[in-house]
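Source: prediction; values computed, not measured. As a basis for the values below, the full set of heavy atoms in this structure was taken, side chains included, without hydrogen atoms, waters or symmetry mates.
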Amino acid sequence: MATTKKTTTTAKTAVKKTATKKAAPKKAAPKKKVEVPQHIGLVRDDSWLEPFEGAIRGRHDHALWKIGQLTRNGKQTLSQFASGHLYFGLHKLAKGWVFREWAPNATEIYLIGDFNNWQESEKYKCKRIEGTGNWELKLSEKAIKHGDLYKMKVKWNGGEGERIPAWCRRVVQDDQTKIFSAQVWNPEKKYEFKKKNFKPNKSPLLIYECHVGMGQDAEKVGTYKEFTKNVLPRVKKDGYNAIQVMAIQEHPYYGSFGYHVSSFFAPSSRFGTPEDLKEMIDTAHKMGIAVIMDIVHSHAVKNEVEGLGNLAGDPNQFFYPGDRHEHPAWDSLCFDYGKDDVLHFLLSNCKYWLEEYKFDGFRFDGVTSMLYYSHGLGEAFGGYGDYFNGHEDDNAICYLTLANCLIHEVNPNAITIAEEVSGMPGLAAKFEDGGYGFDYRMAMNIPDYWIKTIKEVRDEDINVCSIFWEVKNRRPDEKTISYCESHDQALVGDKTIIFRLIDADMYWHFKKGDENDMVHRGIALHKMIRLVTAGAINGGYLNFMGNEFGHPEWIDFPREGNGWSYKYARRQWNLVDNKELCYHWLGDFDRKMLEVIKSQKNFQATPVTEIWHDDGDQVLCYMRGDLVFVFNFSPTRSYTDYGFLVPTGSYEVVLNTDAKEFGGNGFADDSVTHITNYDPLYVQDHKEWLKLYIPARSAVVLRKL
């Protein structure tokens, strides 16, 4: 934190004596130096935040105070504090077992399970650790065994109930009864990671957002092993260097997409075993692919038997009391980030996934919901004052800041991404600058812009100036993950970009040779939309599984309303593999697009320099490093010898959306080397005119030789 420097000055008061009795005139005291307070980094970089510097410093100081408190003023590290998973839960010791649980409101706790016929017994009765809200049970070697199912039988004043331990690492569901239980997990052969050290490639970060369960062709729940064997090679081949995996934390309802979590330390068993997940992550690392977990700390499922909703007779043990207890839009419970025990639980959860499974970081879900008392619902964020008006949850802000400090302490190369829609300043700024410490924030404005444009704007009215503004609309002190669409845009009730562009014609006219005008238009725009978005990134680019080849239809998980069908909860890889269909054109283009982006060193850090835009012509051109991006969004007008003022030299075409290999018309000859045309007016600028033929509804990328 930047601090105000204090200066001290001392005025000399000595008076010279003379031979006469008349005193010499006093010297003027030197002027005191007045130093202007140094602004904290956020304000230094954005003077418009100066009126709110007090609030920014207050939040920063709150986090520093809390770190000091949790670390006992530096007597331990934040990482050492966040080790609850090593203490709580069920653990195999050198001899025997130990089980511990935080349940301050409980009066009695028993373990019941396969080992005691699901009956209460003294042998499996926990003891309260004196002076704490913690309970402990020590057992002999043979008291339980690997694979046993169990639960807690918790009693409290006025009630009792069966509960799954909050810190348990393995939860399974019975196929017949559908009941969830904790499971003793201590296999003889534990998975040993082959790739001991892994450092993600962030230059740039290219994320393949995915879901293990729906990652296969078959109408069923896919597994970690199937994903490892069938999907990871595709990710590698397509050029992505990271996967962002959804629905890892155990959740009772498959259709929640993993966002109603019940057991925060248990990887979902519906996809396989913990060893299977570790193998998947290890395999990804060997392929050079980072694995980012979609972590849910913004809320929890309301279930009491499976979740934390009423663990020991106190519904507020983990969650806010009163009006803030339930999320009004999500039908879930809101964590009380002001409790140290809740911070201990959530911070330990971050560390657990990093160390036990070697995840490379997290995409934090629902950050907007955490930041505001209103969860962002009904709020209009029209100016900076709306982020500092007292509607913000300082406890949640402190937790998110601490989580980022912890994660980067555990793994300095870890990646943290915030899913946040309000635009809270400082979210992805450095902690020392007064920020919350996320590495990236999701550029959630971009998919909204594309949906609105496709739905409401005629092709001949597409505004390239608006496009350019939107794809690079971000704070200069924050890196973003840009994307055209994620899983959000593919869910039932919404449509993917390709389906909005082509709709039902995908069913009837997506075979090569049978394309109609709607298909041609959709394929062309789908490529251009991805290219202009990816070409303007300042951090990374994200694509949801299957959208790279224009996966048709929507995502709909099995539910009562669709007859519990898996038809739309899968990815039809056969479509892109079939060379008789148009899908592979889109997939091939995506692969080439990423190849071109990666060919420019540190692409994400190179300035996005506008060369030209003309809304009348619907032409846009910008340059990054040695790459020139040219777009003609006009649906009907092609241009010959269209000139762009660029650095003098020769340029080769490295990507053309209109190339026949990507389903285009192939109107331009991309084998030609383009040499700039001399103009005496720009000799001192070392620039000349690059004259191009740009067909209607197409884009081209050239590299300076």
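Every residue two or more places apart in sequence or in another chain was checked for a ring-ring contact (aromatic ring centres under 6.0 Å, His included) with His408, and none qualifies. With sequence neighbours excluded, no residue forms a side-chain hydrogen bond (donor to acceptor under 3.5 Å, both in side chains) with Lys567. By the side-chain hydrogen bond (donor to acceptor under 3.5 Å, both in side chains) test, Tyr483 pairs with no residue at all, sequence neighbours left out. Not a single side-chain hydrogen bond (donor to acceptor under 3.5 Å, both in side chains) links Asp314 to another residue, sequence neighbours left out. Taking Glu485 as the reference, nothing meets the salt bridge (Lys or Arg N to Asp or Glu O under 4.0 Å) condition, with sequence neighbours excluded. Evaluation of the side-chain contact (heavy atoms from CB on, under 4.5 Å) rule for Lys195 yields Phe198, Asp282, His285, Lys286 as partners, not counting sequence neighbours. Residues meeting the side-chain contact (heavy atoms from CB on, under 4.5 Å) test with Ala94, sequence neighbours left out: none. Qualifying salt bridge (Lys or Arg N to Asp or Glu O under 4.0 Å) partners for Arg128, counting only residues two or more places apart in sequence or in other chains: none. For the side-chain hydrogen bond (donor to acceptor under 3.5 Å, both in side chains) test, residues two or more places apart in sequence or in another chain that qualify with Thr416 are Asn404, Asp439. Lys92 is linked by a salt bridge (Lys or Arg N to Asp or Glu O under 4.0 Å) to Glu141, counting only residues two or more places apart in sequence or in another chain. For Asn411, the side-chain contact (heavy atoms from CB on, under 4.5 Å) criterion is met by Asn413, Ala414, not counting sequence neighbours. In terms of the ring-ring contact (aromatic ring centres under 6.0 Å, His included) criterion, residue partners of Phe264 (sequence neighbours excluded) are, by chain and number, Phe335, Phe345.
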